[in-house]
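Structure record follows, encoded as C-alpha coordinates.
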Amino acid sequence: QVQLVESGGGLVQAGGSLRLACAASGRTLSSSGVGWFRQAPGKEREFVAGMTWSGDRTSYADSVKGRFTISRDNVKNTVYLQMNSLKSEDTAVYYCAAGGVRRTVVRLNPNDYPYWGQGTQVTVSS
(Lines give C-alpha, C1' and ligand atoms only; values in the text may rest on other atoms or scores of the structure.)
Protein backbone atom coordinates (compact mmCIF):
# COMPACT_ATOMS: atom_id res chain seq x y z
CA GLN A 1 0.00 0.00 0.00
CA VAL A 2 1.21 3.49 -0.86
CA GLN A 3 0.13 6.68 0.86
CA LEU A 4 0.56 9.91 -1.10
CA VAL A 5 0.48 13.41 0.38
CA GLU A 6 0.55 16.51 -1.80
CA SER A 7 1.79 19.92 -0.72
CA GLY A 8 2.74 23.23 -2.26
CA GLY A 9 -0.59 24.49 -3.46
CA GLY A 10 -1.84 27.98 -2.79
CA LEU A 11 -2.91 31.29 -4.25
CA VAL A 12 -0.72 32.85 -6.93
CA GLN A 13 -1.11 35.64 -9.46
CA ALA A 14 -1.28 34.88 -13.15
CA GLY A 15 2.21 34.52 -14.56
CA GLY A 16 3.57 33.22 -11.28
CA SER A 17 4.98 29.84 -10.33
CA LEU A 18 4.33 27.07 -7.84
CA ARG A 19 6.00 23.76 -7.17
CA LEU A 20 3.84 20.91 -5.96
CA ALA A 21 5.33 17.98 -4.11
CA CYS A 22 3.92 14.51 -3.59
CA ALA A 23 5.55 12.55 -0.79
CA ALA A 24 5.03 8.81 -0.70
CA SER A 25 5.15 6.48 2.27
CA GLY A 26 4.48 2.83 2.83
CA ARG A 27 6.31 1.73 -0.29
CA THR A 28 8.91 3.07 -2.63
CA LEU A 29 7.75 4.85 -5.76
CA SER A 30 10.93 4.03 -7.62
CA SER A 31 9.31 1.22 -9.60
CA SER A 32 5.95 2.94 -10.21
CA GLY A 33 4.61 5.18 -12.90
CA VAL A 34 3.48 8.51 -11.49
CA GLY A 35 1.13 11.20 -12.66
CA TRP A 36 -0.45 14.52 -11.81
CA PHE A 37 -4.12 15.18 -12.46
CA ARG A 38 -6.37 18.13 -11.72
CA GLN A 39 -10.05 18.76 -11.26
CA ALA A 40 -11.76 22.11 -11.53
CA PRO A 41 -15.27 22.71 -10.13
CA GLY A 42 -17.89 21.15 -12.35
CA LYS A 43 -15.33 19.43 -14.54
CA GLU A 44 -13.95 15.92 -14.79
CA ARG A 45 -10.55 14.99 -13.47
CA GLU A 46 -7.99 15.51 -16.23
CA PHE A 47 -4.47 14.35 -16.88
CA VAL A 48 -1.78 16.99 -16.45
CA ALA A 49 1.60 15.23 -16.53
CA GLY A 50 3.06 11.77 -16.08
CA MET A 51 6.34 9.92 -15.93
CA THR A 52 7.35 6.28 -16.30
CA TRP A 53 8.96 4.41 -13.46
CA SER A 54 12.43 4.85 -14.93
CA GLY A 55 11.90 8.51 -15.66
CA ASP A 56 12.86 8.06 -19.31
CA ARG A 57 9.45 9.08 -20.62
CA THR A 58 7.20 11.95 -19.72
CA SER A 59 3.90 13.16 -21.11
CA TYR A 60 2.04 16.43 -20.71
CA ALA A 61 -1.40 17.71 -21.50
CA ASP A 62 -1.30 20.15 -24.40
CA SER A 63 -2.60 22.89 -22.15
CA VAL A 64 0.49 22.75 -19.90
CA LYS A 65 3.28 21.83 -22.34
CA GLY A 66 6.20 24.18 -22.04
CA ARG A 67 4.97 25.52 -18.69
CA PHE A 68 4.84 22.50 -16.36
CA THR A 69 7.57 19.99 -15.58
CA ILE A 70 7.21 16.69 -13.76
CA SER A 71 10.19 15.24 -11.92
CA ARG A 72 10.93 12.67 -9.26
CA ASP A 73 13.47 12.12 -6.52
CA ASN A 74 13.61 8.42 -5.71
CA VAL A 75 15.85 9.01 -2.71
CA LYS A 76 13.22 11.25 -1.14
CA ASN A 77 10.39 9.10 -2.55
CA THR A 78 8.81 12.29 -3.84
CA VAL A 79 7.34 13.48 -7.12
CA TYR A 80 7.23 17.13 -8.11
CA LEU A 81 5.28 19.32 -10.50
CA GLN A 82 6.92 22.63 -11.32
CA MET A 83 4.31 25.01 -12.67
CA ASN A 84 5.41 28.22 -14.39
CA SER A 85 3.54 30.96 -16.24
CA LEU A 86 0.36 30.02 -14.43
CA LYS A 87 -2.98 31.02 -15.91
CA SER A 88 -6.39 31.43 -14.35
CA GLU A 89 -7.53 28.29 -16.18
CA ASP A 90 -4.95 26.29 -14.20
CA THR A 91 -7.07 26.80 -11.08
CA ALA A 92 -8.06 23.39 -9.76
CA VAL A 93 -7.41 20.78 -7.12
CA TYR A 94 -4.24 18.95 -8.10
CA TYR A 95 -3.80 15.27 -7.32
CA CYS A 96 -0.78 13.03 -7.59
CA ALA A 97 -1.23 9.38 -8.47
CA ALA A 98 0.92 6.29 -8.68
CA GLY A 99 0.63 2.81 -10.05
CA GLY A 100 1.86 0.24 -12.48
CA VAL A 101 5.05 -1.55 -11.57
CA ARG A 102 7.78 -0.83 -14.12
CA ARG A 103 5.30 0.73 -16.48
CA THR A 104 7.05 1.69 -19.74
CA VAL A 105 4.42 4.08 -21.06
CA VAL A 106 2.72 7.00 -19.40
CA ARG A 107 -0.92 6.29 -18.75
CA LEU A 108 -3.35 9.16 -19.20
CA ASN A 109 -6.45 7.52 -17.75
CA PRO A 110 -6.94 8.09 -14.02
CA ASN A 111 -8.39 4.56 -13.76
CA ASP A 112 -4.88 3.23 -14.43
CA TYR A 113 -3.62 4.63 -11.12
CA PRO A 114 -4.65 2.78 -7.95
CA TYR A 115 -3.00 5.17 -5.48
CA TRP A 116 -4.03 8.79 -4.99
CA GLY A 117 -3.26 11.69 -2.73
CA GLN A 118 -5.89 13.86 -1.11
CA GLY A 119 -5.27 16.80 -3.43
CA THR A 120 -3.97 20.33 -3.03
CA GLN A 121 -5.76 23.48 -4.15
CA VAL A 122 -4.12 25.76 -6.70
CA THR A 123 -5.80 29.09 -7.30
CA VAL A 124 -4.50 31.50 -9.94
CA SER A 125 -5.84 35.02 -9.79
CA SER A 126 -6.00 37.09 -12.94
Side-chain angles (χ1 to χ4, degrees):
Q1 194 76 356
V2 177
Q3 291 79 44
L4 303 175
V5 178
E6 302 97 336
S7 61
L11 174 64
V12 64
Q13 288 189 335
S17 298
L18 282 174
R19 188 176 80 152
L20 305 183
C22 173
S25 62
R27 200 183 78 185
T28 178
L29 282 182
S30 61
S31 60
S32 298
V34 292
W36 286 94
F37 292 77
R38 66 186 181 187
Q39 188 165 19
K43 295 187 178 181
E44 292 186 354
R45 190 169 297 189
E46 65 174 357
F47 173 82
V48 175
M51 176 180 281
T52 54
W53 74 276
S54 63
D56 65 337
R57 293 184 180 180
T58 58
S59 182
Y60 296 90
D62 288 343
S63 58
V64 307
K65 278 181 182 176
R67 301 188 297 121
F68 290 13
T69 303
I70 186 172
S71 62
R72 64 194 302 166
D73 184 332
N74 288 338
V75 174
K76 295 182 178 180
N77 216 21
T78 300
V79 181
Y80 301 96
L81 184 68
Q82 178 66 44
M83 306 186 296
N84 299 327
S85 302
L86 283 161
K87 305 175 182 180
S88 57
E89 51 263 44
D90 294 319
T91 295
V93 178
Y94 283 71
Y95 300 89
C96 69
V101 176
R102 300 187 183 275
R103 199 176 270 172
T104 57
V105 295
V106 178
R107 299 295 178 89
L108 311 186
N109 190 326
N111 293 329
D112 289 326
Y113 294 84
Y115 304 110
W116 290 84
Q118 82 290 350
T120 185
Q121 176 70 47
V122 171
T123 302
V124 184
S125 62
S126 56

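Between G8 and L18, the shortest heavy-atom contact is O-CD2, 3.8 Å. The minimum heavy-atom distance between N109 and Y113, with the atom names listed, is O-CD1, 3.5 Å. Across all non-hydrogen atoms, the minimal contact from K43 to Q39 is O-NE2, 3.1 Å. Shown here for S63 and R67, the closest heavy-atom pair between the two residues is O-NH2, 2.8 Å. Contact detail for R38 and E46: the closest heavy-atom pair is NE-OE2, 2.6 Å.
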Take D73 and T78 through the side chain to side chain donor-acceptor pair (under 3.5 Å) test and state the conclusion after the steps. CA-CA 5 Å; D73 184 332; T78 300; over 6 Å; no
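Figure legend: R45 and W116 shown as a cation-pi pair, the cationic atom lying under 6.0 angstrom from the six-membered ring centre and within 45 degrees of its axis.
To the nearest 0.5 Å, the span separating CD1 on I70 from CE on M51 amounts to 5.5 Å. Between the CZ atom in R72 and the OG1 atom in T52 there is a gap of 7.5 Å [rounded to 0.5 Å]. Between the CG atom in L20 and the CD atom in Q82 there is a gap of 9.0 Å [rounded to 0.5 Å].
By the 4.5 Å heavy-atom criterion applied to side chains, Y94 and L81 are counted as neighbours. At a threshold of 4.5 Å between non-hydrogen side-chain atoms, the residues L86 and F68 count as touching.
Aromatic ring centres of Y95 and F37: separated by at least 6.0 Å.
Using a 4.0 Å cut-off between charged side-chain N and carboxylate O, K87 and D90 make no salt bridge.
Applying side chain to side chain donor-acceptor pair (under 3.5 Å) to T28 and the options S25, S30, S32 leaves one that passes, S30.
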